[in-house]
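Inspection log for the structure reproduced underneath, given as structure tokens.
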Amino acid sequence: VSGDVVWDDTTNEGVVRLRGLTPNDAAALQYQLWVFDPTRSNPDVPVHAGVFDVAMVGEDVLIKIRPSLPIGEAGAFAVSQERRGGSVTPTMENVVGVAPVAR
């Protein structure tokens, strides 16, 4: 899995482009995007930032980052596979990628 992240700490907006993800079983699972924020009281617990599906092998996927809570400073982004609809609290058992933010 590879990709790029564009993120703005000021507006709490961004987009992720991913490639190399395998299609998910959309009836049972979805990919979920997470943001790790080192300024939060518990920086090891990521913030939910959206769920998405991958339908075709080799497909580039663009995901608008929609954090469920305000992000003070994005420290890293992660993608996991979770049950359909996602999870408020991550299991982080099926992490498919993590990208630290370069400053």
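For the pair Val79 and Val95, the minimum side-chain heavy-atom distance is 4.5 Å or more. In this structure, the side chains of Ser80 and Val96 stay at 4.5 Å or more apart for every pair of heavy atoms. For the pair Val101/Phe36, no side-chain contact is recorded, criterion being any heavy-atom separation below 4.5 Å from C-beta on. Residues Ile65 and Val15 form no side-chain contact, since every pair of their non-hydrogen atoms from C-beta on lies 4.5 Å or further apart.
For the atom pair Gln32 CD and Glu82 CD, the distance stands at 5.0 Å (nearest 0.5 Å). Rounded to the nearest 0.5 angstrom, Leu62 CG and Arg17 CZ are separated by 7.0 Å. Taken to the nearest 0.5 Å, the CG atom of Asp53 stands 4.5 Å off from the CG atom of Asn24. For the atom pair Asn42 CG and Asp37 CG, the distance stands at 11.0 Å (nearest 0.5 Å). Taking CG of Leu33 as the start and OH of Tyr31 as the end, the distance is 13.0 Å to the nearest 0.5 Å.
Using cut-offs of 30° and 60° on the angle between ring planes, the pair His48 and Trp34 is perpendicular.
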Practice item. Give the C-alpha distance, both sets of side-chain angles, the deciding distance and a yes or no for side-chain contact (heavy atoms from CB on, under 4.5 Å) between Met56 and Val54. Key: CA-CA 6 Å; Met56 296 174 28; Val54 175; over 6 Å; no
Exercise for review: Just do the side-chain contact (heavy atoms from CB on, under 4.5 Å) check on Ile71 and Val47 with the steps written out, would you?
Suggested key: CA-CA 8 Å; Ile71 304 297; Val47 174; 3.9 Å; yes
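Contact record, Leu21 with Val1: CD2-CG2, 3.6 Å, taken as the closest heavy-atom pair. When every heavy atom of Thr39 is checked against every heavy atom of Gly72, the shortest pair comes out as OG1-CA, 3.6 Å. Among all heavy-atom pairs drawn from Gly75 and Pro38, the shortest one is N-CD, 3.7 Å. Heavy atoms only, all atoms of each residue included: Asp9 and Asn12 are closest at O-ND2, 3.1 Å. For Ala74 against Val35, the heavy-atom pair with the smallest separation is CB-CG1, 4.0 Å. When all heavy atoms are compared, the tightest approach of Pro100 to Ala76 is CA-CB, 3.9 Å.
By the criterion of side-chain heavy atoms lying less than 4.5 angstrom apart, applied directly or through intervening Ile, Leu, Val, Met, Phe, Trp or Tyr residues, Ile63 is not grouped with Val51; the two fall into different hydrophobic clusters.
At least one donor-acceptor pair under 3.5 Å links the side chain of Arg84 to the backbone N or O of Ala26.
Within 6.0 Å of CZ in Arg19 there are more than 12 heavy atoms belonging to other residues, nucleotides or ligands.
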